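A, B, ... follow the sequence lines: proteins, then strands. Residue 1 opens every chain. Computed from a predicted structure; not experimentally measured.
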2 protein chains.
Amino acid sequence: MKNLDDTHVAKRNPETEDIEEMRELVIEAMSQTMSLYGFNATVGRLCGILFFAKEPMSLDDMSQAMGMSKTSVCTTIKTLVGAKAAKQVWLRGTRKDMYVAEKNFFQYFSDFFCNNLRTEVALNFAVLDKVLPLYEKILAGESRSPTRAEAEEDFSKLLEVKRYYTWLDSFVKQYLEDLKILQLPNPAESPDEP
Amino acid sequence: MKNLDDTHVAKRNPETEDIEEMRELVIEAMSQTMSLYGFNATVGRLCGILFFAKEPMSLDDMSQAMGMSKTSVCTTIKTLVGAKAAKQVWLRGTRKDMYVAEKNFFQYFSDFFCNNLRTEVALNFAVLDKVLPLYEKILAGESRSPTRAEAEEDFSKLLEVKRYYTWLDSFVKQYLEDLKILQLPNPAESPDEP
DNA sequence: GACGGTGTACAGAAAAAACTGAATAAACTA
DNA sequence: TAGTTTATTCAGTTTTTTCTGTACACCGTC
């Protein structure tokens, strides 16, 4: 691909090439890592490029570095910002949106991890809170029917699920909030969708 | 869709319909949950269907319940087994492969979680172990050049990454192994690819 | 060995996702 | 207000993923 700051490097030498290659390897690993969490290769690659960038990058910078259209980079960077792996910074002297990688990997990890788990807990509690009372209502009704037997079995399974998510909820709150307090300079807000 | 065991239920009543709907809701939530971890909706739905199934299901059972071809169900169930969300069981009296959901959600979670993090740690350590010595070599060379400045900056960034993964490694080992010991009836083996 | 039942490989169809250029909107400048 | 610069929307294209039916391999039974 292209040297990230070839504007500053007049002549190339073997070591410069080496650095290119090594960065490429690291970026590839980051990309693979992020794909474990459901991000596509493009998102991972942009994350890696931002990681090595010495200055905040504009959409045009990233577009050039990625060899992709500005449109794509725009959506990709939004994904990264959404995942808190990158953030927008304001620079005086330019009207462009500038972005930098989230350098604090501890923060990145705990944010990403926490957010996903919180989403998961919320999602499942919501449906359990909706469904369990209805099962209880059925079970409070006529005492013997095939439907009742169905309901009984579902109900006990779902109680087990609830037990799990109760545990997971406290796991997230306890362990990972501890972690945050330990690592974070700034308190993070949770971005929720309505 | 279709009642999971309508072969046993002669007549339908409102409550049976309710149970259908509630199961659908729970299955949908499970599906969404799994999509947070990069699985597609089909995988999640099959997981939900297996969760509510009273008996182990064959490929044909699942194919019918999902309204999908046997071929698709075959690959989907392999995904679930790979993620340890389902497992194959042997039943005497049939030659079919039978599958059940992994009911122990604690185990499912810790397995999935651990495996992903372990993969991540291994992946990144591998590339760091390859790349950091090369950077050191460059830094040991001629004392002043633009390339050297590049290398210095990369190197310190990568040391930070290494610090992170060292921490993550011990996090996984300590906290999650504790968790496993706490929850698991049977010791799990890690499935590694060569 | 032939046969019936079962799981999976494979090639192509269908669906979804990623990507693009052109058009539009928004935000600033003069 | 008109003009610039930048980000985003949108419709269409390319690429990737998912799904299907057919074919085949495997394994027991007759």
Side-chain angles (χ1 to χ4, degrees), chain A residues 1-2 27-28 30-32 34-50 55-83 85-100 191 193, chain B residues 1-2 27-28 30-32 34-50 55-83 85-100:
Chain A
M1 295 293 146
K2 238 177 154 304
I27 288 171
E28 175 60 24
M30 285 185 180
S31 184
Q32 280 184 253
M34 295 196 65
S35 80
L36 287 176
Y37 293 100
F39 295 101
N40 68 25
T42 302
V43 176
R45 249 177 68 227
L46 182 57
C47 196
I49 286 174
L50 277 178
E55 308 289 340
M57 295 180 85
S58 68
L59 282 182
D60 286 311
D61 295 338
M62 294 185 279
S63 173
Q64 203 222 327
M66 295 278 292
M68 284 177 63
S69 72
K70 226 170 123 180
T71 307
S72 288
V73 168
C74 178
T75 56
T76 304
I77 191 68
K78 295 251 170 285
T79 305
L80 278 179
V81 171
K87 64 183 173 199
Q88 194 175 350
V89 292
W90 281 267
L91 246 57
R92 52 183 297 158
T94 180
R95 271 153 59 196
K96 301 190 186 212
D97 296 357
M98 307 299 283
Y99 296 89
V100 296
E193 55 272 70
Chain B
M1 296 289 146
K2 240 179 153 305
I27 289 171
E28 173 61 23
M30 285 186 181
S31 184
Q32 280 184 252
M34 295 196 65
S35 79
L36 287 176
Y37 292 100
F39 296 102
N40 68 26
T42 302
V43 176
R45 251 177 66 226
L46 183 57
C47 196
I49 286 173
L50 277 177
E55 309 288 342
M57 295 181 85
S58 68
L59 282 181
D60 286 310
D61 296 336
M62 293 185 281
S63 172
Q64 204 222 327
M66 295 278 292
M68 283 177 65
S69 74
K70 224 169 123 180
T71 307
S72 287
V73 168
C74 178
T75 55
T76 304
I77 190 69
K78 295 251 169 285
T79 305
L80 278 179
V81 171
K87 65 183 173 199
Q88 194 176 349
V89 293
W90 280 268
L91 247 55
R92 51 183 298 158
T94 180
R95 272 155 56 198
K96 302 190 186 214
D97 296 357
M98 308 297 283
Y99 296 90
V100 297

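- Of the inter-residue distances, the one linking B:N40 atom CG with B:S31 atom OG reads 8.0 Å to the nearest 0.5 angstrom.
- Closest-nucleotide positions on DNA chain C for A:N40 and A:T71 were compared, and the one nearer the 5' end corresponds to A:N40.
- For the side-chain contact (heavy atoms from CB on, under 4.5 Å) with B:I77, the lone residue among B:V43, B:L50, B:D97 that qualifies is B:L50.
- Under the 4.5 Å side-chain criterion, counting only non-hydrogen atoms from C-beta, A:L80 is in contact with A:M34.
- Between the axis at the start and the axis at the end of the helix from C:dG1-D:dC30 to C:dA30-D:dT1 there is an angle of 10°, using five pairs per end and rounding to 10 degrees.
- With sequence neighbours excluded, no residue forms a ring pair (Phe, Tyr, Trp, His ring centres under 6.0 Å) with A:Y99.
- Using a 4.0 Å heavy-atom criterion, one finds that A:T42 contacts the sugar-phosphate atoms exclusively.
- With a cutoff of under 4.0 Å to any heavy atom of chain A, the contacted region of DNA chain D is bounded 5' to 3' by D:dT4 to D:dC10.
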| task | Output, in order, the C-alpha distance, side-chain angles, deciding distance and verdict of side-chain contact (heavy atoms from CB on, under 4.5 Å) for B:I49 and B:M57. | result | CA-CA 10 Å; B:I49 286 173; B:M57 295 181 85; 3.9 Å; yes
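- Applying the side chain to side chain donor-acceptor pair (under 3.5 Å) test to A:S69 and every residue at least two apart in sequence or in another chain returns A:S72.
- You'll find the side chain of B:L46 reaches within 4.5 Å of the side chain of B:M62, heavy atoms only.
- Think of the region where chain A sits on DNA chain C: with heavy atoms and a 4.0 Å cut, that region ends 5' and 3' at C:dA18 to C:dT29.
- A 6.0 Å sphere centred on CD of A:E55 holds no more than 12 heavy atoms belonging to other residues, nucleotides or ligands.
- In summary, the side chains of A:D61 and A:S58 do present a donor paired with an acceptor at a separation below 3.5 Å, with no hydrogens or angles considered.
- Contacts of B:E28 classified as side chain to side chain donor-acceptor pair (under 3.5 Å), with partners at least two apart in sequence or in another chain: none.
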